[in-house]
There are 2 protein chains.
Amino acid sequence: MSPEKRRIRERERRRRAILKASRKLFLEKGFNQVTVSEIAQKAALSKGAIYLYFRSKEEIYAQILLNDIEKFHKKVIHIFREERPASEIIADFADFYVKFFLTDRELFRILISFMLHTNNVGFTEEMNKRVIQETNKTISIIERILQSGVDSGEFKLGKEDIRRVRNVFWGMLNGIISLHLFVGKETKREERIRTNIENGLAIFIEGIKNCM
Amino acid sequence: MSPEKRRIRERERRRRAILKASRKLFLEKGFNQVTVSEIAQKAALSKGAIYLYFRSKEEIYAQILLNDIEKFHKKVIHIFREERPASEIIADFADFYVKFFLTDRELFRILISFMLHTNNVGFTEEMNKRVIQETNKTISIIERILQSGVDSGEFKLGKEDIRRVRNVFWGMLNGIISLHLFVGKETKREERIRTNIENGLAIFIEGIKNCM
DNA sequence: TGACCGGTGGTCATAAACTGACTATGATTT
DNA sequence: AAATCATAGTCAGTTTATGACCACCGGTCA
């Protein structure tokens, strides 16, 4: 291996170290409560060095978001493997979504603040764009599921309907989870969320099968 | 961890990388056939960087030697654990010595050239002193074994005798191994060496039990 | 014998990476 | 609204790394 190659590797290793350290801190304390000095310390670098790898604290945060969203994507993509009724696939999606975020409450908090466009972090337009773009990829998965339901005759929806239904479904998912994470009690949280979402889904699917 | 600590760690990691890379090369090709540029390349560093970690090619070599000798020490030290006749312990030592070096023919070549004081590498006096000092530690182990034999009444040797016997034993060990490694055939090498040393030991122990 | 030559150990000017004291700014207290 | 504080971001100085270069040595050939 050439010195050049080695340096590139080490650069990437440090970058990952910074991301790993700051992710942990952000999840523990929230964006605003974390200082760049803290991140530097945890990554065993000086503050100045952080700025050799990222332009700003926000950029670090954005990168973490993008990584997490990508991670979710890679996992969720397998839901499409099987040939089954769209209503089942969409229930699986919901199930997976809940499970994925319940493993890390703060990860959800971080992502949901973007997904619901309620973040108060001073991102540049560029950063916002990229994060939203990635988020939309996830949302479009729902659209694909709905579309397959229409194709197979299971649902009867127009093009515009699909978009609306997608938004309702997405909102419902995040709304229910948020409700229980931020308001509800710890006890039996997962069960409550699941029940809520099952109920929601039942109404939801019945609705789109018959009404529209 | 502080930046300072991290840097020290990384420094040590590089140093070890250089030693690891050059050890491999030295064993493969011998000291003179290895260039510093090769070492640098294998360690994924520039040539100049090598000289930030070692003063010279010889110093690298010396460090490898010292490490290897130390490694041998740490392993051989356990031979003293048990309470047994000195003649058995010394046979074990011989056995261990053979086994240790047969696992790596070139390691033996490297070390023996020092132990027999036949190295042609341009070490500084300082380096030679340290390596010889470490080698003498190993030789003194033999002395301790002999001494314990005298203490228990198994051998009858004066102070001066012990030193002479030690040298004879040491020379015999290395001589026999060298003989087979550099002259003898590959086939049944270990067996031949063992047989030789067993014979040598029998004569040797009989000699020091009765004659001196 | 001595001029030449290829190869290599070691050097050093330059570049890259890192550091932490410092500055500017926005929030908070008095 | 002045003063104090906290902290994101900067930058001059330091450390570490690079590879072209030099000096030297051993071998070759006239």
Side-chain angles (χ1 to χ4, degrees), chain A residues 1-23 25-26 28-64 119-124 126-127, chain B residues 1-23 25-26 28-64 119-124 126-127:
Chain A
M1 187 167 58
S2 68
E4 179 64 14
K5 280 265 173 63
R6 195 204 79 240
R7 282 169 92 139
I8 290 169
R9 276 163 97 99
E10 291 187 350
R11 236 193 120 64
E12 278 167 5
R13 204 157 52 76
R14 290 229 209 303
R15 209 184 131 89
R16 277 199 299 276
I18 294 169
L19 286 173
K20 190 178 169 188
S22 39
R23 186 170 188 281
L25 289 169
F26 286 143
E28 275 168 24
K29 311 168 66 176
F31 182 82
N32 286 313
Q33 276 56 54
V34 175
T35 71
V36 176
S37 295
E38 269 181 297
I39 293 172
Q41 190 173 21
K42 203 170 182 87
L45 285 164
S46 65
K47 194 158 83 155
I50 300 294
Y51 289 88
L52 295 172
Y53 293 88
F54 298 94
R55 286 216 211 79
S56 66
K57 186 177 159 188
E58 279 80 12
E59 193 176 295
I60 299 176
Y61 197 72
Q63 196 54 60
I64 292 170
N119 67 304
N120 57 347
V121 175
F123 273 24
T124 64
E126 171 62 19
M127 292 179 200
Chain B
M1 187 167 55
S2 69
E4 177 64 13
K5 280 264 172 65
R6 197 204 78 241
R7 282 172 92 139
I8 290 170
R9 275 162 98 98
E10 291 186 351
R11 235 191 123 65
E12 278 167 6
R13 205 156 52 76
R14 297 253 154 81
R15 208 184 133 88
R16 277 199 300 276
I18 294 170
L19 286 174
K20 190 178 169 188
S22 40
R23 186 170 189 280
L25 289 169
F26 286 143
E28 274 167 24
K29 312 168 66 175
F31 183 82
N32 286 312
Q33 277 57 56
V34 176
T35 70
V36 176
S37 296
E38 271 181 295
I39 293 172
Q41 189 174 21
K42 202 168 185 90
L45 285 164
S46 65
K47 191 159 82 156
I50 301 295
Y51 289 89
L52 296 173
Y53 293 87
F54 297 94
R55 286 215 211 81
S56 66
K57 188 177 160 189
E58 280 79 12
E59 192 175 296
I60 298 175
Y61 197 72
Q63 196 54 61
I64 292 171
N119 67 305
N120 57 347
V121 174
F123 274 23
T124 64
E126 171 62 21
M127 290 179 200

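All values below were derived from every heavy atom in this structure, side-chain atoms included, with hydrogens, water molecules and symmetry-related copies excluded. Letters A, B, ... are given to chains in the order of the sequence lines, protein chains preceding strands, and every chain is numbered from 1.
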(message) Tell me whether B:Lys57 contacts the main-chain N or O of B:Val34 through its side chain, where contact means a donor paired with an acceptor under 3.5 Å.
(response) yes

(message) Surrounding CD of B:Glu4 (heavy atoms of other residues, nucleotides or ligands, distance under 6.0 Å), is the total greater than 12?
(response) no

(message) Counting neighbours of CD on B:Glu59 that are heavy atoms of other residues, nucleotides or ligands and sit closer than 6.0 Å, is the number greater than 12?
(response)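 Counting neighbours around CD of B:Glu59, more than 12 heavy atoms of other residues, nucleotides or ligands fall under 6.0 Å, so yes.
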
Can you measure [X] atom [atom1] to [N] atom [atom2] for me and round it to whole angstrom units?
X: B:Tyr61; N: C:dT8; atom1: OH; atom2: C1'; result: 18 Å
X: B:Ile60; N: C:dG10; atom1: CD1; atom2: C1'; result: 12 Å
X: B:Arg14; N: C:dC18; atom1: CZ; atom2: C1'; result: 12 Å
X: A:Glu38; N: D:dA6; atom1: CD; atom2: P; result: 14 Å
X: A:Gln33; N: D:dT7; atom1: CD; atom2: C1'; result: 13 Å
X: B:Ile50; N: C:dT11; atom1: CD1; atom2: C1'; result: 15 Å
X: B:Leu52; N: C:dA13; atom1: CG; atom2: P; result: 15 Å
X: B:Glu10; N: C:dA17; atom1: CD; atom2: P; result: 13 Å

(message) If you assign each of B:Lys57 and A:Ser46 to its closest nucleotide in DNA chain C, which residue comes earlier from the 5' end?
(response) B:Lys57

(request) Identify, between A:Arg11 and A:Gly48, the residue whose nearest nucleotide on DNA chain C lies closer to the 5' end. (result) A:Arg11

(message) Quick check on DNA chain D: between A:Pro3 and A:Tyr51, whose nearest nucleotide comes earlier from the 5' end?
(response) A:Tyr51

(request) Specify the residue among A:Arg6 and A:Ala49 whose closest nucleotide of DNA chain D lies further upstream toward the 5′ end. (result) A:Ala49

(request) Among D:dG9, D:dG19, C:dG9, find the nucleotide with the atom closest to the side chain of B:Val36. (result) C:dG9

(message) Checking contacts here: which listed nucleotide (D:dA8, D:dT18, D:dT16) is nearest the side-chain heavy atoms of B:Arg7?
(response)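 Nearest nucleotide to the side chain: D:dT16.
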
(request) Flag the pair A:Lys42 and A:Glu38 as a salt bridge only when some basic side-chain nitrogen lies within less than 4.0 angstrom of an acidic carboxylate oxygen. (result)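 Looking at A:Lys42 and A:Glu38, the cut-off is not met.
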
(message) Any side-chain N or O of A:Tyr53 below 4.0 angstrom from OP1/OP2 of C:dC18?
(response)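 Result: yes.
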
(request) Examine D:dG19: is either OP1 or OP2 under 4.0 Å from a nitrogen or oxygen in the side chain of B:Lys47? Give yes or no. (result) no

(message) For a 4.5 angstrom cut-off between non-hydrogen side-chain atoms, does A:Ile60 reach A:Ile50?
(response) yes

